[in-house]
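See below for the structure under consideration.
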Amino acid sequence: MDANKKINFFEQVHQIVRQIPEGRVTSYGAIARALGTAGSSRMVGYAMRAAPTANPPIPAHRVVNRVGMLSGKMAFGSPTLMQQLLENEGVMIANDKVVDFKKVFWDPQLNDDEQ
DNA sequence: GTGGTGACGTATA
DNA sequence: GTATACGCCACCA
């Protein structure tokens, strides 16, 4: 069924986000590239918006934009919830941005062993 | 079926 | 280096 393929897209994004290790974050573009939909980073963000509706819910707070800014913090119900969750995992946040984003960045295209 | 919107990213001026 | 424009394509009205 063609309709299944659309659902697969969301599932793919959810699967990758679920693979993000604790204390690590990734960017929408990186996920988009891992899915082969490079350039359509917006669709990744759209899929993340459905994160709380997914089952089981996915750690969408580990996904930030290219500059490490918590662009989707508003989607958590509280503009500080995303920051709190990240800080709880050891990720420091400053001015709604990830500190040492380069260090905590996790590439979905790499294997966990590589990390 | 059509139009508008959007948790972004890249290109160009 | 900063500012603005455009594209990407799935979802909602």
Side-chain angles (χ1 to χ4, degrees):
Chain A
M1 304 292 269
D2 301 18
N4 271 357
K5 298 188 100 171
K6 299 183 173 194
I7 301 172
N8 189 20
F9 178 80
F10 265 63
E11 286 296 311
Q12 292 283 355
V13 177
H14 296 167
Q15 289 288 334
I16 293 178
V17 177
R18 269 182 256 171
Q19 289 173 47
I20 303 175
E22 185 176 304
R24 292 289 180 111
V25 294
T26 189
S27 64
Y28 305 97
I31 298 173
R33 253 173 221 258
L35 293 177
T37 58
S40 307
S41 37
R42 276 185 154 168
M43 304 321 44
V44 178
Y46 225 109
M48 306 254 63
R49 202 179 99 27
T53 66
N55 190 354
I58 60 185
H61 61 271
R62 289 178 186 160
V63 185
V64 294
N65 66 358
R66 219 245 358 136
V67 298
M69 187 169 72
L70 311 183
S71 14
K73 66 186 180 199
M74 291 297 238
F76 286 80
S78 290
T80 55
L81 179 60
M82 189 174 185
Q83 180 174 339
Q84 291 292 313
L85 290 170
L86 287 170
E87 288 182 334
N88 187 26
E89 294 188 353
V91 180
M92 301 217 298
I93 308 297
N95 197 8
D96 296 335
K97 282 177 291 201
V98 178
V99 180
D100 295 331
F101 179 62
K102 249 173 61 172
K103 295 182 180 178
V104 297
F105 179 75
W106 180 83
D107 194 335
Q109 290 183 133
L110 297 176
N111 297 329
D112 296 0
D113 298 343
E114 295 283 334
Q115 306 303 317

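Protein chains get the first letters and strands the later ones, always in sequence-line order, with residue 1 at the start of each. Values in this document were obtained by computation on a predicted structure and should not be read as measured data.
If you take CG of A/Asn65 and C1' of B/dT10, they are 14 Å apart, rounded to a whole angstrom. When the P atom of B/dA7 is taken as reference, atom CZ of A/Arg49 falls 8 Å away, rounded to whole Å. For the pair A/Tyr28 OH and B/dT10 P, the computed distance is 14 Å after rounding to whole Å. For A/Phe9 and C/dC11, the CZ to P distance is 8 Å, given to the nearest whole Å. Counting to the nearest Å, the P atom of B/dC8 and the CE atom of A/Met43 are 10 Å from each other. To the nearest angstrom, P of B/dC8 lies 8 Å from CE of A/Met69. Rounded to whole Å, atom C1' of C/dC9 lies 16 Å from atom CD of A/Gln12. A/Phe101 has its CZ atom 8 Å from the P atom of B/dG9, to the nearest Å.
Residue contacts for A/Arg66: at a heavy-atom cut-off of 4.0 Å it reaches the sugar-phosphate backbone alone, with no base atom in range. Counting non-hydrogen atoms under 4.0 angstrom, A/Ala38 reaches nothing in the nucleic acid. Nucleic acid contact for A/Ser41: base, since at least one base atom lies under 4.0 Å from a heavy atom of the residue.
Pairing for B/dG1 is absent, with no Watson-Crick or G-U wobble pair whose two atom distances lie under 3.5 Å. Both distances falling under 3.5 Å, in either a Watson-Crick or a G-U wobble arrangement, occur for no nucleotide opposite C/dC8.
Picking from B/dA7, B/dG6, B/dG9 the nucleotide with the shortest atom distance to the side chain of A/Met82 gives B/dA7. Nearest nucleotide to the A/Met48 side chain, out of C/dG7, B/dA7, C/dA10: B/dA7. Side chain of A/Ala75, nearest nucleotide from B/dG6, B/dA7, C/dC8: B/dA7. In this structure, of B/dG9, C/dA10, B/dA7, it is C/dA10 that holds the atom nearest to the side chain of A/Phe10.
Both A/Tyr46 and A/Val67 sit near DNA chain B, but only A/Tyr46 has its closest nucleotide nearer the 5' end.
Test A/Ile93, A/Asn95, A/Val25 against A/Leu70 for side-chain contact (heavy atoms from CB on, under 4.5 Å) and you get one pass: A/Ile93. Applying the side-chain contact (heavy atoms from CB on, under 4.5 Å) test between A/Val91 and each of A/Val99, A/Leu85, A/Leu86, A/Val64 identifies A/Leu86 as the sole match.
When the P atom is used for both B/dG4 and C/dC6, the distance is 15 Å, rounded to whole Å.
Remark: the backbone N or O of A/Asp107 is not paired with any side-chain donor or acceptor of A/Thr26 at under 3.5 angstrom. A donor-acceptor pair under 3.5 Å links the side-chain atoms of A/Ser71 to the main chain of A/Met69, judged by distance alone.
Between A/Arg62 and A/Val17 the shortest side-chain heavy-atom distance does not fall below 4.5 Å.
Side chain A/Arg42 to base C/dG7: a donor-acceptor pair is found below 3.5 Å.
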